[in-house]
Amino acid sequence: MNSLTSVVSSVRDLAPQLANNRAYWLGWGSADDTDADLPIYRSGLRHGLLNCVLRARGIDIDTAVRRAREALEGTSWLWWNHPVDSDPDVADLLLDRGASLAGVVPVMAARLDGVPAVPAPDGVRIEQARTEAELAAFAATYPVPNGMSAADADATTEVELARDGRREEQLRYVAWSGDRPVACGALSISHGVAGIYNMATIAEFEGRGIATALAAELLREARGRGLKVAALTASPRGAMVYRRLGFEQVSEYRLFGF
């Protein structure tokens with residue numbers, strides 16, 4: 001994969017940002033390609049966002065729902081919907097078939113030439129995870145901050161180390177306090193976009209500026225690789241961090257559950 005093909009220049013160019021999102025999430029467990037009409041991924045982990053339908057287009061909705069139920073049976077799962085990515089009536093059709101709105105997720109983007117430099121707090125170093133032990137530390141850091149339990153850490157590490165990277169180039173970073181991993185984040189490069197994913201800080205280290213410094217490091221790396229636009233989906237709390245780095249909301253996903 002040439003990650004710099006057709007480098008995106010505008011934060012308003014949504015289609016590549018949504019394709020970057022599909023490329024990242026399909027790495028959690030899917031044989032589907034990013035251009036599939038009904039891409040589905042299944043990690044098997046106990047978190048709705050880790051088992052999902054990403055879009056539905058050009059497919060009968062009843063067929064789509066049946067295939068989704070079959071593929072994701074036995075998991076907690078959700079359905080991403082964006083009007084650029086899916087047929088325009090999919091949201092209404094899902095509601096008609098018993099789905100409910102589980103949440104609205106902002107899509108935020110920023111030009112990389114305007115990202116400020118943010119030093120890490122004293123005593124914290126930010127490094128790319130390269131070895132298996134470092135990748136395991138990355139995978140062990142985000143489950144609890146992202147709504148999973150400590151009991152899920154081993155299973156998450158197994159899935160993380162087995163991720164399918166054929167649709168993206170992914171770089172994973174860990175913020176360390178001494179020998180302890182305290183925050184993490186991933187840079188996913190595809191479709192000419194720098195996608196930011198899996199940002200997390202353990203509770204006792206929140207509020208120290210670590211997440212801002214970590215995100216800035218990911219964006220610096222992306223800019224150094226010739227990319228011009230970064231994109232991400234944000235929680236309300238995370239959105240405050242990203243606005244300080246120049247991100248603005250450019251769209252939103254709606255998440256549905258059955």
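- A salt bridge does not link Arg22 with Glu168: every distance from a Lys NZ or Arg NE/NH1/NH2 to an Asp or Glu carboxylate oxygen is 4.0 Å or more.
- Taking the six-membered ring wherever Trp is involved, the centroid distance between the rings of Trp28 and Tyr41 does not fall below 6.0 Å.
- Here Ile40 contributes atom CD1 and Ser30 contributes atom OG; the two are 7.5 Å apart, rounded to the nearest 0.5 Å.
- The shortest side-chain heavy-atom distance between Pro39 and Val53 does not fall under the 4.5 Å cut-off.
- Side-chain contact between Leu245 and Val118: present, with at least one pair of heavy atoms (C-beta onward) separated by less than 4.5 Å.
- Between the side chains of Asn20 and Tyr197, at least one donor-acceptor pair of N or O atoms lies under 3.5 Å.
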Q: Evaluate the side-chain contact (heavy atoms from CB on, under 4.5 Å) criterion for residues Val182 and Thr141: first the C-alpha distance (whole Å), next the side-chain angles of each, then the deciding distance (0.1 Å), finally the verdict.
A: CA-CA 7 Å; Val182 297; Thr141 302; over 6 Å; no
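- Ser43 contributes atom OG, which lies 10.5 Å from atom CD of Glu160 (distance to the nearest 0.5 angstrom).
- No more than 12 heavy atoms of other residues, nucleotides or ligands shown are found within 6.0 angstrom of CZ on Arg254.
- In this structure, a donor-acceptor pair under 3.5 Å is absent between the side chains of Tyr24 and Gln170.
- No donor-acceptor contact under 3.5 angstrom links the side chains of Ser76 and His47, judged on distance only.
- Within a 6.0 Å sphere centred on CD of Glu132, other residues, nucleotides and ligands contribute 12 heavy atoms or fewer.
- Between Arg97 and Asp62 a salt bridge is recorded (basic side-chain N to carboxylate O distance below 4.0 Å).
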Q) Do Tyr253 and Trp80 pass the ring pair (Phe, Tyr, Trp, His ring centres under 6.0 Å) test, and can you show the C-alpha distance, the side-chain angles, and the key distance before you say yes or no? A) CA-CA 7 Å; Tyr253 281 102; Trp80 296 79; 4.7 Å; yes
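- To the nearest 0.5 Å, the span separating OG1 on Thr233 from NE2 on His82 amounts to 11.5 Å.
- The pair Arg166-Asp33 meets the salt-bridge criterion, with a side-chain N (NZ, NE, NH1 or NH2) lying under 4.0 Å from an Asp/Glu carboxylate O.
- A distance of 10.0 Å separates CG in Asn146 from CE in Met199, rounded to the nearest 0.5 Å.
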Q: Starting from the C-alpha separation in whole Å, work towards a yes-or-no answer on salt bridge (charged side-chain N to carboxylate O under 4.0 Å, His left out) for Arg125 and Glu217.
A: CA-CA 11 Å; Arg125 69 185 191 280; Glu217 176 63 19; over 6 Å; no
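- At a cut-off of 3.5 Å, with distance as the only test, no side-chain donor of Asp13 or Ser10 sits close to an acceptor on the other residue.
- Rounding to the nearest 0.5 Å places CG of Asn81 at 9.0 Å from CG of Asp92.
- Using a cut-off of 4.0 Å between Lys/Arg side-chain N and Asp/Glu carboxylate O, Glu134 and Arg172 are scored as not salt-bridged.
- Both cation-pi conditions hold for Arg208 and Phe205: the charged atom is under 6.0 angstrom from the six-membered ring centre and inside a 45 degree cone around its axis.
- How far CG of Leu45 is from CG of Leu50: 5.5 Å, rounded to the nearest 0.5 Å.
- Residue-environment remark: CG (Asp37) exceeds the threshold of 12 foreign heavy atoms within 6.0 Å.
- Arg111 has no carboxylate O lying under 4.0 Å from a charged side-chain N of Glu248, or vice versa, which leaves the two without a salt bridge.
- Taking the charged nitrogens against the carboxylate oxygens, Arg69 and Glu73 have no contact shorter than 4.0 Å, which rules out a salt bridge.
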Q: Using the side-chain contact (heavy atoms from CB on, under 4.5 Å) rule, take Leu218 and Tyr173 through it: C-alpha gap first, then chi angles, then the decisive distance, then the call.
A: CA-CA 8 Å; Leu218 296 178; Tyr173 283 75; 3.1 Å; yes
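- Trp77 pairs by the ring pair (Phe, Tyr, Trp, His ring centres under 6.0 Å) definition with Phe258, not counting sequence neighbours.
- Salt bridge annotation for Arg46-Asp152: present, with a cationic side-chain nitrogen under 4.0 angstrom from a carboxylate oxygen.
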Q: Show the numbers, then the answer: is there a salt bridge (charged side-chain N to carboxylate O under 4.0 Å, His left out) between Glu204 and Arg180?
A: CA-CA 12 Å; Glu204 65 189 274; Arg180 185 181 183 187; 2.8 Å; yes
